[in-house]
**Q** 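One structure follows; several queries about it will come next.
Here the structure is a predicted model, which is why all the values come from computation and not from measurement. Note: hydrogens, waters and symmetry copies are ignored here, and every other heavy atom, side chains too, is used.
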Amino acid sequence: MITTTIRVGLRTLTNGTKLSVYRCFLNGMQGIETDEQAIEYVRTRINNDWGLNRGMLLNCIDNNDYSIERG
């Protein structure tokens, strides 16, 4: 099974630890095969689930401030 983690709003601490404002885990990737589809899925989740910081997170995506990790 493929697991995908999408992190939005990245920053790295001085000790090398990576943090993100929003993190989404996808297991199995059913119906989501490309990075573009994964980002669209996350964009939809943010639109539906987030209130106050929604605009900030969507701006992070628009500015490529995200990472996609597959394992």
Side-chain angles (χ1 to χ4, degrees):
M1 178 185 305
I2 297 172
T3 301
T4 302
T5 303
I6 299 128
R7 297 173 184 267
V8 179
L10 306 173
R11 85 181 167 139
T12 304
L13 300 178
T14 54
N15 67 2
T17 302
K18 290 187 178 183
L19 301 176
S20 58
V21 176
Y22 179 83
R23 181 173 59 187
C24 178
F25 295 105
L26 301 173
N27 291 317
M29 296 293 288
Q30 294 178 351
I32 299 174
E33 297 176 3
T34 66
D35 288 353
E36 291 79 16
Q37 289 172 320
I39 288 300
E40 278 308 308
Y41 175 80
V42 168
R43 185 182 292 276
T44 300
R45 290 273 309 264
I46 290 169
N47 272 322
N48 291 338
D49 299 341
W50 279 69
L52 186 60
N53 292 326
R54 177 185 309 152
M56 184 268 302
L57 290 172
L58 295 175
N59 283 338
C60 288
I61 292 173
D62 292 340
N63 292 319
N64 295 317
D65 184 14
Y66 63 85
S67 69
I68 299 175
E69 305 154 9
R70 298 187 194 272

**Q** Do the side chains of I39 and M56 join up, straight or via other hydrophobic residues, at under 4.5 Å, putting them in one cluster?
**A**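 Looking at the clustering, M56 is in the same group as I39.
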
**Q** Which value, rounded to the nearest 0.5 Å, describes the distance between L19 atom CG and T12 atom OG1?
**A**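 With rounding to 0.5 Å, CG (L19) is 8.0 Å from OG1 (T12).
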
**Q** Identify, with sequence neighbours excluded, every residue that meets side chain to side chain donor-acceptor pair (under 3.5 Å) alongside Y66.
**A**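 Here no residue qualifies.
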
**Q** Test side-chain contact (heavy atoms from CB on, under 4.5 Å) on L58 and R43; report intermediate values, then the result.
**A** CA-CA 7 Å; L58 295 175; R43 185 182 292 276; 3.6 Å; yes

**Q** How far apart are the C-alpha atoms of L10 and S67, what are their side-chain angles, what is the distance that settles it, and do they pass the side-chain contact (heavy atoms from CB on, under 4.5 Å) test?
**A** CA-CA 8 Å; L10 306 173; S67 69; 4.0 Å; yes

**Q** Are any non-hydrogen side-chain atoms of Y22 and C60 less than 4.5 angstrom apart?
**A**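 No; the side chains remain at least 4.5 Å from each other.
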
**Q** Charged N to carboxylate O under 4.0 angstrom, R70 versus D35?
**A**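 Between D35 and R70 there is a salt bridge, with a charged N closer than 4.0 Å to a carboxylate O.
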
**Q** Rounded to the nearest 0.5 Å, how far apart are CD of Q37 and OG1 of T4?
**A**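 One gets 11.5 Å once the value is rounded to the nearest 0.5 Å.
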
**Q** Nearest 0.5 angstrom please: I68 CD1 to T5 OG1, how far?
**A**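 The OG1 atom of T5 is 10.5 Å from CD1 of I68, to the nearest 0.5 Å.
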
**Q** Is the number of heavy atoms from other residues, nucleotides or ligands within 6.0 Å of CZ (R54) greater than 12?
**A**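 Counting other residues, nucleotides and ligands, CZ of R54 exceeds 12 neighbours.
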
**Q** Picking from N47, I46, D62, D65, what satisfies side-chain contact (heavy atoms from CB on, under 4.5 Å) with L57?
**A**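 It is I46, the one option of N47, I46, D62, D65 that forms the side-chain contact (heavy atoms from CB on, under 4.5 Å) with L57.
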
**Q** What are the two closest non-hydrogen atoms of R7 and K18, and how far apart are they?
**A**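 Closest approach of R7 to K18, heavy atoms only: NH1-O, 4.2 Å.
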
